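So the structure is just underneath, and the comments pick up after that.
Please read these numbers as outputs of a predicted model, since none were measured by experiment.
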Amino acid sequence: MELKEIFDMMVEHDASDAFIKAGSPIHMRIYTEIRVVKERGPDKKEMAGLVSGITDEQCKNDLKTRKNCEFARCLDGKWRFRIVIFMEKDNYVMAVRKVNLQALSFEELNLPVTLLENLCRERRGMVLVTGITGSGKSTTIAAMLEYINKNVSKHILTIEEP
């Protein structure tokens, strides 16, 4: 198994997250539900090969010392993938998050256009965007920032707890 195969499966299934663990089926978060997308995931040896092939020396060192590492990769200039690898009982586990590099409009996201446009034009206050993992918080914020940048002269401050 190669990393591009995982990325391609995520794009094909429109998954926001993928969870790969040696000896387990491959799971993906698709519209907030965790689903099995491939019954046979990598075995321990295949997973070690996958991790070895995608990590640099710093990440390999972090895996040895801290038992985890994080990095990002891009695909086709449209998608960015944040990858976290960690150790669980001497096995590698990988969590991958797909991020669209193109900000979508409110209409494309099927969001309440007038409500969000009015919210983006507010002169003061604070906006909190909350929800469960994979529910579209970052995507919604990106659309709001894109709207503000194109239509309103404002300073923007964003704070996100990773």
Looking at [atom1] of [X] and [atom2] of [Y], how far apart are the two atoms once the value is rounded to the nearest 0.5 Å?
X    : Y    : atom1 : atom2 : result
M9   : K98  : CE    : NZ    : 12.5 Å
I26  : M10  : CD1   : CE    : 11.0 Å
E117 : E122 : CD    : CD    : 13.0 Å
E5   : L50  : CD    : CG    : 9.5 Å
R35  : R29  : CZ    : CZ    : 12.0 Å
L63  : Y92  : CG    : OH    : 5.5 Å

Same apolar cluster (I L V M F W Y, side chains within < 4.5 Å links), [X]/[Y]:
X    : Y    : result
F71  : F19  : no
L104 : V99  : no
Y31  : V11  : yes
M47  : L3   : yes
V113 : L145 : yes

Counting only N and O atoms by type, is there a donor-acceptor contact under 3.5 Å from the side chain of [X] to the main-chain atoms of [Y]?
X    : Y    : value
K137 : T130 : no
K154 : C120 : yes
D43  : K45  : yes

Would you indicate whether the side-chain heavy atoms of [Y] and [X] approach each other to under 4.5 Å?
X    : Y    : value
M144 : L116 : yes
R73  : I83  : yes
N100 : K78  : yes

Could you pull out the closest heavy-atom pair between [X] and [Y], with the gap in Å?
X    : Y    : answer
I148 : I156 : CG2-CD1, 3.6 Å
I85  : M94  : CG1-CG, 4.1 Å
S135 : T32  : CA-CG2, 4.3 Å
K67  : K64  : NZ-O, 3.6 Å
R80  : A72  : NH2-CB, 3.5 Å
K60  : T55  : CE-OG1, 3.2 Å

*Would you find more than 12 non-hydrogen atoms of other residues, nucleotides or ligands less than 6.0 Å from D14 atom CG?*
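More than 12 within 6.0 Å, yes.
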*D90, CG atom: more than 12 neighbouring heavy atoms under 6.0 Å*: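 It does not: D90 CG has 12 such atoms or fewer within range.
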_If only side-chain N and O atoms count, and only distance matters, is there a donor-acceptor pair under 3.5 Å linking S105 with E108?_
yes
*Do you see a donor-acceptor pair shorter than 3.5 Å between the side chains of N61 and E57?*
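Side chains of N61 and E57: no pair found under 3.5 Å.
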*asked:* Apply salt bridge (Lys or Arg N to Asp or Glu O under 4.0 Å) to residues E88 and K21 and explain how you reach the verdict.
replied: CA-CA 9 Å; E88 179 182 89; K21 180 178 176 180; 2.6 Å; yes
*Carefully, step by step, assess R121 and Y147 under the rule side-chain contact (heavy atoms from CB on, under 4.5 Å).*
CA-CA 10 Å; R121 291 183 178 279; Y147 178 84; 3.1 Å; yes
_Check against salt bridge (Lys or Arg N to Asp or Glu O under 4.0 Å), R40 and E46_ = CA-CA 12 Å; R40 187 200 175 280; E46 291 168 329; 3.1 Å; yes
*Between T139 and L109, is a side-chain contact (heavy atoms from CB on, under 4.5 Å) present by the stated rule, with each step listed?*
CA-CA 9 Å; T139 302; L109 294 170; 3.5 Å; yes
*Please work out which of the three classes, parallel, tilted or perpendicular, describes the rings of F7 and F81, given edges at 30° and 60°.*
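Geometry flag for F7 against F81: parallel rings.
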_Let's go through K4 and D8 carefully: what are the C-alpha distance in whole Å and the side-chain angles of both, what is the deciding distance for salt bridge (Lys or Arg N to Asp or Glu O under 4.0 Å) to 0.1 Å, and is it a yes or a no?_
CA-CA 6 Å; K4 185 169 182 333; D8 289 341; 2.9 Å; yes
_CA sep, side-chain torsions, deciding dist, call: L119, V127, side-chain contact (heavy atoms from CB on, under 4.5 Å)_ = CA-CA 8 Å; L119 188 60; V127 176; 3.9 Å; yes
*Check the pair M87, V93 against side-chain contact (heavy atoms from CB on, under 4.5 Å), reporting the backbone distance first and the verdict last.*
CA-CA 6 Å; M87 299 297 294; V93 179; over 6 Å; no
